[in-house]
Amino acid sequence: MSLVDIGVNLTNAAFDHDRPLVIERAIAAGVGTMILTGTTVDTSQAAQVLARHYPGTLYSTAGVHPHDVRHCDAATVSRLRELSSHPEVVAIGECGLDFNRDYSPRPEQEYWFEAQLQLACELKLPLFLHERDAHQRFLEILQPYRSQLTAAVVHCFTGNVEELKAYLDWDLHIGITGWICDERRGLHLQELVAQIPLDRLMLETDAPYLTPRTLRPKPKGGRNEPAFLPQVLQTVASAIAKPIEEVAQATTATAYQFFQLLPDKNNSG
């Protein structure tokens with residue numbers, strides 16, 4: 001079984017003391033490919049540098065999360081463009097809108113979301129998207145660019161059936177995290193996930209966040225890591241009543257197609 005974790009924050013300080021071991025444990029658990037999430041220009045660069053040391057196993061994204069766009073400046077897009085020229089960088093993002101916490105002013109979120117949409121269209125790279133409590137405005141900004149985008153995934157989807165239908169109608173991919181393993185707030189996802197075609201479904205941990213509550217024993221300190229992705233796989237497979245192996249194979253194939261992880265890209269260093 002080979003899995004792809006499409007969203008892991010491996011540059012996070014939570015992994016500073018054992019990052020190589022985290023990668024080894026992930027590979028041993030069957031997570032053979034990990035996409036490292038860039039949330040600022042600096043973390044995007046750190047992710048690209050780390051991925052370069054694990055060719056064919058680690059890849060990265062380049063983008064600025066809506067929480068962090070308040071720190072963007074005139075050099076942001078050019079720096080993301082330069083980062084995206086490296087073969088390890090396989091998507092633009094994490095970018096989008098977060099009207100739940102509003103760590104950055106909404107007009108700034110909207111401006112920098114559109115700037116990154118334009119960059120993805122220019123570079124013909126897929127998008128790694130974040131949306132929280134901003135569904136309608138998110139679609140309004142995305143709409144003019146959708147036909148020009150190669151592909152886009154709504155990462156860590158936790159929304160309702162109407163939102164899921166809208167995203168699928170727009171031919172977006174859906175990323176499912178350990179949120180689905182949470183008996184307090186993830187039960188609706190267990191009902192909705194069956195509506196996602198397997199060729200549009202991908203799995204992610206969002207580590208070190210969203211540790212699956214089904215995990216036994218619970219990790220010390222509660223830190224999530226990519227080795228726990230099989231917990232997400234197991235819950236998804238159970239929810240859609242399909243064999244684990246089938247879901248693993250399908251979601252891996254979908255991720256490889258989405259991120260354009262062709263053999264020549266796997267072998268680049």
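The model shown is predicted, which means the values in this text are computed figures rather than measured ones. When a residue number appears, it is its place in the shown sequence, counting from 1.
- The closest side-chain heavy-atom distance from R81 to I92 is not below 4.5 Å.
- No cation-pi contact links R132 to F99, judged by a cut-off of 6.0 Å to the six-membered ring centre and 45° from its axis.
- Remark: side-chain polar atoms of T61 are paired, donor with acceptor, to backbone N or O of G93 under 3.5 angstrom.
- Residue Q249 places its CD atom among 12 or fewer non-hydrogen atoms of other residues, nucleotides or ligands, all under 6.0 Å distant.
- For E110 (side chain) and W112 (main-chain N/O), no donor-acceptor pair under 3.5 Å exists by modelled atom type.
- Expressed to the nearest 0.5 Å, how far CD1 of I35 lies from CG of L261 amounts to 5.5 Å.
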Report the C-alpha distance between K165 and E162 in whole Å, list the side-chain angles of each, state the deciding distance to 0.1 Å, and finish with yes or no for salt bridge (charged side-chain N to carboxylate O under 4.0 Å, His left out). CA-CA 5 Å; K165 185 178 185 303; E162 291 81 13; over 6 Å; no
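- Within 6.0 Å of OH on Y111 lie no more than 12 heavy atoms contributed by other residues, nucleotides or ligands.
- Side-chain contact check for E225 versus F15: some heavy-atom pair is nearer than 4.5 Å.
- Taking a 6.0 Å sphere around CD of Q257, one finds it holds 12 or fewer heavy atoms contributed by other residues, nucleotides or ligands.
- Scanning both residues, G56 and T33, for their nearest heavy atoms gives O-OG1, 4.3 Å.
- Across all non-hydrogen atoms, the minimal contact from V8 to P226 is CG2-CD, 4.0 Å.
- If you chain together hydrophobic residues whose side chains sit under 4.5 Å apart, V49 and V22 never meet in one group.
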Set out, in order, the CA-CA distance, both residues' side-chain angles and the distance that settles salt bridge (charged side-chain N to carboxylate O under 4.0 Å, His left out) for D73 and R79, then state yes or no. CA-CA 10 Å; D73 57 30; R79 291 184 67 190; over 6 Å; no
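- A heavy-atom distance below 4.5 Å is not found between the side chains of Y59 and L36.
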Can I6 and L203 be said to form a side chain to side chain contact (heavy atoms under 4.5 Å, CB included), step by step? CA-CA 6 Å; I6 71 159; L203 307 179; over 6 Å; no
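- Side-chain atoms of T214 do not come within 3.5 Å of backbone N or O of C181 as any donor-acceptor pair.
- Every side chain to side chain contact (heavy atoms under 4.5 Å, CB included) that L149 has, sequence neighbours left out, goes to L117, A120, C121, L127, L142, R146.
- Going from atom NE2 of H86 over to atom OG of S44 covers 11.5 Å, rounded to the nearest 0.5 Å.
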Do T205 and D5 pass the side-chain hydrogen bond (donor to acceptor under 3.5 Å, both in side chains) test, and can you show the C-alpha distance, the side-chain angles, and the key distance before you say yes or no? CA-CA 6 Å; T205 57; D5 186 344; 2.6 Å; yes
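- Between the side chain of R52 and the backbone N or O of E88 there is no donor-acceptor pair closer than 3.5 Å.
- I176 is not listed as a side-chain neighbour of M202, based on a closest heavy-atom distance of 4.5 Å or more.
- N160 places a side-chain N or O within 3.5 Å of a backbone atom of E163 that can act as its donor or acceptor partner.
- Taking 4.5 Å as the limit, some side-chain heavy atom of D98 sits within range of a side-chain heavy atom of Q109.
- Using modelled atom types, no side-chain atom of W179 and backbone atom of F157 make a donor-acceptor pair closer than 3.5 Å.
- Across all non-hydrogen atoms, the minimal contact from A166 to L139 is CB-CD1, 4.1 Å.
- Side chain of T251 to backbone of V247: a donor-acceptor contact under 3.5 angstrom is found.
- In this structure the side chain of I23 reaches within 4.5 angstrom of the side chain of M34, judged on heavy atoms.
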Run the numbers on F113 and L129 for side chain to side chain contact (heavy atoms under 4.5 Å, CB included), then give the verdict. CA-CA 9 Å; F113 178 30; L129 295 169; 3.7 Å; yes
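- Considering only residues two or more places apart in sequence or on other chains, T252 meets the side chain to side chain contact (heavy atoms under 4.5 Å, CB included) condition with L3, V4, Y256.
- In this structure, Y167 and F138 have perpendicular ring planes: the angle between them is above 60°, well past the 30° mark.
- Under the side chain to side chain donor-acceptor pair (under 3.5 Å) criterion, Q195 pairs with no residue at all, not counting sequence neighbours.
- Distance check, rounded to the nearest 0.5 Å: CG of L83 to OG of S60 gives 7.5 Å.
- Residue A62 comes nearest to S84 through the heavy atom pair CB-OG, 3.9 Å, listed as atom of the first residue, atom of the second, then distance.
- Distance check: L58 CG to Q48 CD gives 11.5 Å after rounding to the nearest 0.5 Å.
- Note on W170: it clusters hydrophobically with L168, by side-chain heavy-atom contacts below 4.5 Å among ILVMFWY residues.
- The 12-atom threshold is exceeded at NZ of K218, counting heavy atoms of other residues, nucleotides or ligands nearer than 6.0 Å.
- Residues L215 and I244 fall into different hydrophobic clusters, defined by Ile, Leu, Val, Met, Phe, Trp and Tyr side chains chained together at heavy-atom separations under 4.5 Å.
- For the ring-ring contact (aromatic ring centres under 6.0 Å, His included) with Y103, the lone residue among H65, H67, H71, H130 that qualifies is H67.
- When side chains are defined from C-beta on, T158 counts as touching C156, because their heavy atoms get closer than 4.5 Å.
- Put simply, F258 and V90 are part of the same group of oily side chains (I, L, V, M, F, W, Y) that touch within less than 4.5 Å, one to the next.
- V161 and I174 fall within the same hydrophobic cluster, defined by Ile, Leu, Val, Met, Phe, Trp and Tyr side-chain heavy atoms under 4.5 Å apart, directly or through other members.
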Go through K242 and L198 one step at a time and tell me if the side chain to side chain contact (heavy atoms under 4.5 Å, CB included) criterion holds. CA-CA 11 Å; K242 290 186 180 295; L198 285 177; 4.0 Å; yes
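- Side chain of R19 to main chain of L10: a donor-acceptor pair is present (N/O by atom type, distance under 3.5 Å, no hydrogens or angles).
- Side-chain contact annotation: D206 with N224, donor-acceptor N/O pair under 3.5 Å absent.
- A side chain to side chain contact (heavy atoms under 4.5 Å, CB included) with V64 is found for one member of T39, V77, L80 and no other, namely L80.
- In terms of modelled atom types and a separation under 3.5 Å, the side chain of T235 and the main chain of Q231 share a donor-acceptor contact.
- Heavy atoms only, all atoms of each residue included: A227 and A29 are closest at O-CB, 3.6 Å.
- With rounding to the nearest 0.5 Å, the separation of CD in E94 from CD in Q116 is 10.0 Å.
- Annotation for G7 and F128: closest pair CA-CZ, 4.0 Å, computed over non-hydrogen atoms.
- Rounding to the nearest 0.5 Å gives a distance of 12.0 Å between OG of S147 and CG of D171.
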Determine, stepwise, if the pair Q118 / E122 fulfils side chain to side chain contact (heavy atoms under 4.5 Å, CB included). CA-CA 6 Å; Q118 292 170 353; E122 171 194 333; over 6 Å; no
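- Residues T40 and T43 have side chains that bring a donor and an acceptor to within less than 3.5 angstrom of each other.
- Between the R216 side chain and the R213 main chain, a donor and an acceptor come within less than 3.5 Å of each other.
- At a threshold of 4.5 Å between non-hydrogen side-chain atoms, the residues V69 and T76 do not count as touching.
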